[in-house]
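Please read the structure below before turning to the comments.
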Amino acid sequence: MKELKQGDRGALVQYVQLALTRAGYPVDVDGIFGKDTCAALGKFAGAEQECQVTQAQWQLLLPYLKGYTLHRVEEGDTFWRIASRYRSTIHRMMTANPTLDPTALQAGMMVVVPFDFPLVSVEVDYSSYLVAWILEGLLVRYPFLREEQIGSSVMGKELTALRIGEGARHVFYNASFHANEWITTPVLLKFAEDYAQAFASGQTVGGVRSSWLYYGFTLSLVQLVNPDGVDLVTGVLNDAAYFKQAEAIAQDYPQIPFPQGWKANIDGVDLNLQFPAGWEKAKEIKFSQGYKTPAPRDYVGEKPLTAPESRAVYEYTKNNDFSLILAYHTQGEVIYWKYLDYEPENSYRIARYFGEASGYAVEQTPLVSGYAGYKDWFIQEYNRPGYTVEAGRGENPLPMSQFPKIYEANIGILTGGMTQLV
């Protein structure tokens, strides 16, 4: 991880502040490494030091971003004693350690100790780093979750699917095809955490019995389709060569703010214009708009599925039997449900349900944007319900201050993608 010092700003500073706050040294999570953050860091480290976050200090902070630590059992330890020491709960410990008998602990055993706070933050900007930490934490906290590697990005970052449930009907949700629409990533992550916690506790999620969802459906989530692009937008891209490449691409399109206006992958290919569903028509439209070369947005690529991220989602879809898909984007508070004249059975009924549950409009995709998208290809290929959800309102990237409203509006869609298949 990049080392930080006083005066630095950005998402990585937010992560330090979030970890310090969770560790019991509260500080404003504002992304500014100022005096208060410096003081909290000194108290956390337990010694006088220069005001900086070194690699050693990152290692101390990471458990509070991953949401768990490991404890070696000592003589006389009980789950209650361990939970009290780490501000955890017996229920969280039992969920994370399903094969351990809490009445038969032996000295030297390693026990997973989840901290008693929600893992998915609703305060900070998201990046591939944070997503990887959260996924690790979710898999440790809830061992019934499963992880699948479905491919990798241009820069070699792993593309991961999180799977929950054991039902025969399989649905697929994805987010952050577009870099500056990264707020959709925590929408799926928070739903995964809320769903897993509800199932572990025998409770409901979004008003639906979680056990019924779990045993009736299998849900796959790819929370971050475009990790390189998201890291560029949120300021954590750590490769100077790729940053310079993106900067050079952006210089050919000065009307698009850099990097805030960046939607494409790091090679300047729009990942949601890469699918074999009217790709030639999409090329015609986007070329007429001036996007004939790699660009921050709207460049369709040399041919379909040349971008590794789009190819990974395509192959993952081909290798599964999805009954329904949701592709999350921003913004506009609208649900697009159709591709050309394809109208899969029940697709409009489900779209209307989504609209009622969220308050979003239900519309057909405008023709200038209605080709070569993932939703378009899924409907064309499988004749099954597929939806693009444009969450929130405003100018991308939407601020995290909008997140609570976005999540509240979409919880009925996220559960309804399963319940409405019955």
Nearest 0.5 angstrom please: [X] [atom1] to [Y] [atom2], how far?
{"X": "E3", "Y": "Q55", "atom1": "CD", "atom2": "CD", "result": "5.0 Å"}
{"X": "Y15", "Y": "D125", "atom1": "OH", "atom2": "CG", "result": "6.5 Å"}
{"X": "Y353", "Y": "T419", "atom1": "OH", "atom2": "OG1", "result": "4.5 Å"}
{"X": "N346", "Y": "R384", "atom1": "CG", "atom2": "CZ", "result": "13.0 Å"}
{"X": "S121", "Y": "F403", "atom1": "OG", "atom2": "CZ", "result": "9.0 Å"}

[X] vs [Y] side-chain heavy atoms within contact, under 4.5 Å:
{"X": "M93", "Y": "P114", "value": "yes"}
{"X": "Y387", "Y": "L326", "value": "yes"}
{"X": "W377", "Y": "Y314", "value": "yes"}
{"X": "I150", "Y": "E315", "value": "no"}
{"X": "Q260", "Y": "P397", "value": "yes"}
{"X": "Y173", "Y": "L324", "value": "yes"}
{"X": "L237", "Y": "I266", "value": "yes"}
{"X": "K5", "Y": "D8", "value": "yes"}

When the side chains of residues 409-416 are checked against the rest of the protein, which donor-acceptor pairs come out under 3.5 Å, sequence neighbours left out?
{"residue": "N410", "atom": "OD1", "partner": "Y328", "partner atom": "OH", "Å": "2.8"}
{"residue": "N410", "atom": "ND2", "partner": "Y360", "partner atom": "OH", "Å": "3.1"}
{"residue": "N410", "atom": "ND2", "partner": "I406", "partner atom": "O", "Å": "2.9"}
{"residue": "T415", "atom": "OG1", "partner": "I411", "partner atom": "O", "Å": "3.1"}
{"residue": "T415", "atom": "OG1", "partner": "G412", "partner atom": "O", "Å": "3.4"}

Do [X] and [Y] pair up side chain to side chain, a donor and an acceptor below 3.5 Å, judged on atom types alone?
{"X": "S127", "Y": "T234", "result": "no"}
{"X": "Q149", "Y": "T160", "result": "yes"}
{"X": "S220", "Y": "Y316", "result": "yes"}
{"X": "T317", "Y": "Y374", "result": "yes"}
{"X": "Y242", "Y": "D231", "result": "no"}
{"X": "H71", "Y": "D77", "result": "yes"}
{"X": "R163", "Y": "N320", "result": "yes"}
{"X": "Q203", "Y": "S210", "result": "no"}
{"X": "Q420", "Y": "R349", "result": "yes"}
{"X": "T89", "Y": "D116", "result": "no"}

* Asked: Angle class for the F217/W212 ring planes (parallel below 30°, perpendicular above 60°, tilted otherwise)?
  -> perpendicular
* Assign the ring pair H178 / H329 to parallel, tilted or perpendicular, where the plane angle (0 to 90°) is split at 30° and 60°. => perpendicular
* Please identify each residue that fulfils side-chain contact (heavy atoms from CB on, under 4.5 Å) with A282, with sequence neighbours left out. => L273, V300, Y371, A372
* **E193 and Y142: CA distance, side-chain angles, deciding distance, side-chain hydrogen bond (donor to acceptor under 3.5 Å, both in side chains) verdict** => CA-CA 9 Å; E193 181 174 30; Y142 306 106; 4.9 Å; no
* State whether the number of non-hydrogen atoms from other residues, nucleotides or ligands found under 6.0 Å of D36 atom CG is greater than 12. =>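 12 or below, so no.
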Taking [Y]'s backbone N and O only, do any of them form a donor-acceptor pair with [X]'s side chain (distance below 3.5 Å, no angle check)?
{"X": "K375", "Y": "K338", "value": "yes"}
{"X": "Q331", "Y": "L398", "value": "no"}
{"X": "W133", "Y": "Y64", "value": "no"}

Quick one: is the NZ or CZ of [X] closer than 6.0 Å to the six-membered ring centre of [Y], and within 45° of its axis?
{"X": "R352", "Y": "Y348", "answer": "yes"}
{"X": "K190", "Y": "Y407", "answer": "yes"}
{"X": "R141", "Y": "F117", "answer": "yes"}

* Criterion side-chain hydrogen bond (donor to acceptor under 3.5 Å, both in side chains) on T293 and Y253, from CA distance to verdict -> CA-CA 10 Å; T293 61; Y253 297 88; 2.8 Å; yes
